[in-house]
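In what follows, a structure is listed as structure tokens, so that the remarks can point back to it.
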Protein chains: 2
Amino acid sequence: MHTAGVTLQQVAQQAGVSLATASRVLHGSGSRTVGEELRRRVEAAAQELRYVSNAPAQALARATSDVVGLIVHDVADPYFGAIAAGAMRAAREQRLMVMIAATFREPGLELEYLRSLRAQRARAVILAGSGTADADATARLAEEIAGFEADGGRVVCVGERGPDLDTVVMANRGGGGLAARGLWDLGHRRIGVVSGPAELLTVRHRLDGARRALRSLGAPLAPDAVTVGDFTREGGRVAAVRLLRARPDLTAVLVLNDVMAAGALAGLRDDLGLAVPDRVSVVGFDDVPFAADLRPALSTVRLPLEAAGEAAVRLLLEPSGDEPRRVALAAELVLRDSTATTVG
Amino acid sequence: MHTAGVTLQQVAQQAGVSLATASRVLHGSGSRTVGEELRRRVEAAAQELRYVSNAPAQALARATSDVVGLIVHDVADPYFGAIAAGAMRAAREQRLMVMIAATFREPGLELEYLRSLRAQRARAVILAGSGTADADATARLAEEIAGFEADGGRVVCVGERGPDLDTVVMANRGGGGLAARGLWDLGHRRIGVVSGPAELLTVRHRLDGARRALRSLGAPLAPDAVTVGDFTREGGRVAAVRLLRARPDLTAVLVLNDVMAAGALAGLRDDLGLAVPDRVSVVGFDDVPFAADLRPALSTVRLPLEAAGEAAVRLLLEPSGDEPRRVALAAELVLRDSTATTVG
DNA sequence: CTGTTAGCGCATTCAA
DNA sequence: TTGAATGCGCTAACAG
């Protein structure tokens, strides 16, 4: 394979210059330290021979590459799709290639892919999935990260993973609070939560934010007002139905991500026959693109997903300082049609 | 950067064996031609030193890599998200890394990324975006593809790009026909089409399929019953509104992708006040995940997106034969709530 | 400004 | 089965 490749050497020969000169012309970093004439000859030769540079060889010689890895749970999930889109847009401006790995939520895979990216000598890795509360997994990951950084690689997290990592944090707690207070302001006093898997830090923070807000409002979240489901549409449907069967008195429910909220909307309507927002108000989380197209249009906590992806790339380009860097991105409550006032 | 990396050489030394032996143990392709004792020693040394292999060096030495490129228009688009998810799942089984490049629909970028992937010595590239009817762009792309293949790389397309490329074709024409006939069977006789950009081959084929079906049914598509919009939600909204203002007599409209259909549904309802499906039936195309969550739930032509991604990866693993290979995937009409019978 | 030279880390002959 | 030697294509001193 890859036998017929034209080499820099051949280009140099054809142009009648040395290998070094050809390298300077074709890959030289801006500092144009090559004469006009030779430069032209090299470019002509490269053109004529259809030269394509060999990135692995460059990576080997330079001990660094133009690849950045992006590890997500699932590319088909709009949440990660948006983050990836932002990251790729920013990467393009820096002429970086993005290598995406999807763990499909298998915990071990994250580690495996990080290792793989490390083998690729990726310049940096963005960890976009939520961290988990599993201490063992976290420790092993931390070790791998340390190794990667020791080799000169950069690691940036989107979402909380640990205090000494550069990270882009979105206001999960803040967003949870925003949603709870929003519902409260609408008059709701019996509010429930459809949560995702408790190991996910993102979920914990969102729930925690809501919990605190409610407590400070004087209406602490009762244990049976919280139910847990898979972080999927189906998980949202099942959990929402379960919650409202157990607590039919609830007038509002906060669902901790939009994909689950889509399922919740379906479940409340089809399985339970409860009108949204007349009988129950629903608030989602993330504001993924399709949220506004659900009926009723989903009220939700908007997170700047694309911006987070961009910020992550920007962060990994800055030289890593002595202090871990953090970029905080705010959340915003978007009220659409799935929420209404209530008299209680 | 990447200075501290442990090398194979060091592992060999620590294990008291030669570089070659260490290489055979750690990277040898199955054929276990190394003695039990030495093997153990090498593995122990690698473990202890936390050795991570250097993929670029391997790529250079063996002149091939474990990277496959995937070029899409937009990762945030659920259509490509699904294809990417399928491809990544299949890639994982083969221990391949997927490098995704997003062109954001800029035509020139596709070429640039293909070139970049070629520079990476990617083992193969999957071209997932629709081809275009622009002869010049197509020719330049063909040239780049030929170069890539000449170097031993494999190229697989998802969607039609040319007769001599290995490709996974989804039934775009067939799906267009299915939709048209489905509407016809529901009693619709005045059917319109909201199309996407005419340069996209995918769009052409879908439209063509619908056109043919309608003609053979004895109700050829009138020129003013077809309108073109951007391949986005907003494009769908605007185009649908325009179409139904121009042809208020239409009782059904086929929208050539689901994202546009979401916009069309919104436009019909909010801008025009037309009830779907009572006044107008709407059929989308693709069956992306959120289609069933739109209200009314979108009737659409289902394409096996994930399967296409998987098929593409499988295709590029088979040795390329003398004849270009083609995998054909069928479409299926899914009737939900956005379509109804009509007497009109 | 340009050329010479010495590796980068690894796979792979070829001998032993 | 194992080891020594060679080169993959390129960059980065260094020397001129």
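Note that the structure is a prediction, hence the values are computed from the model and not measured. A, B, ... follow the sequence lines: proteins, then strands. Residue 1 opens every chain.
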Polar atoms only, N or O, under 3.5 Å: list the protein pairs with nucleotides 14-16 of chain C and their distances.
none

*asked:* Under the rule for side chain to side chain contact (heavy atoms under 4.5 Å, CB included), what residues qualify as partners of A/Glu323, not counting sequence neighbours?
replied: none
*asked:* Checking B/Asp77 now: which residues fulfil side-chain hydrogen bond (donor to acceptor under 3.5 Å, both in side chains) with it, not counting sequence neighbours?
replied: B/Arg105
*Distance test, side-chain N/O of A/Gln58 to OP1/OP2 of D/dT11, below 4.0 Å*: yes
*Which residues share a side-chain hydrogen bond (donor to acceptor under 3.5 Å, both in side chains) with A/Glu110, sequence neighbours left out*: A/Arg161
List the atom pairs, with distances to 0.1 Å, where a side-chain N or O of residues 85-101 of chain A and a protein N or O form a donor-acceptor pair under 3.5 Å, not counting sequence neighbours.
| unit_1 | atom_1 | unit_2 | atom_2 | d |
| --- | --- | --- | --- | --- |
| A/Arg89 | NH1 | A/Glu306 | OE1 | 3.0 |
| A/Arg95 | NH2 | B/Glu112 | OE2 | 3.4 |

_DNA chain D contacts among residues 14-21 of chain B, heavy-atom distance under 4.0 Å_ = B/Val17, B/Ser18, B/Ala20, B/Thr21
*asked:* In this structure, how many angstroms lie between the C1' atom of D/dG9 and the CG atom of A/Asn54, rounded?
replied: 6 Å
*asked:* Suppose we screen for side-chain hydrogen bond (donor to acceptor under 3.5 Å, both in side chains). Which residues come up paired with A/Arg140, at least two apart in sequence or across chains?
replied: none
_Under the side chain to side chain donor-acceptor pair (under 3.5 Å) definition, can you give me all pairs with a residue in residues 126-138 of chain B, not counting sequence neighbours?_
B/Ser130-B/Thr202
*Any side-chain heavy atom of A/Val25 sitting closer than 4.5 Å to one from A/Leu38?*
no
*Rounded to the Å, how far apart are A/Asp151 CG and C/dG9 C1'?*
13 Å
*C/dC8 C1' sits how many Å from B/Gln10 CD, rounded?*
13 Å
*Angle, rounded to 10°, between the helical axes spanning five pairs at each terminus of the helix from C/dC1-D/dG16 to C/dA16-D/dT1?*
30°
*Sequence neighbours excluded, which residues qualify as salt bridge (Lys or Arg N to Asp or Glu O under 4.0 Å) partners of B/Arg314?*
B/Glu310
*Hey, does the side chain of A/Arg121 reach the backbone of A/Asp151 with a donor-acceptor pair shorter than 3.5 angstrom?*
no
*List in chain and number order the residues that pass side-chain hydrogen bond (donor to acceptor under 3.5 Å, both in side chains) with B/Glu149, two or more places apart in sequence or in another chain; answer none if no residue qualifies.*
none
*Assign B/Leu8 to base, sugar-phosphate, or nothing according to its heavy-atom contacts below 4.0 angstrom with the strands shown.*
sugar-phosphate
*What residues, two or more places apart in sequence or in another chain, satisfy ring pair (Phe, Tyr, Trp, His ring centres under 6.0 Å) together with A/Tyr79?*
none
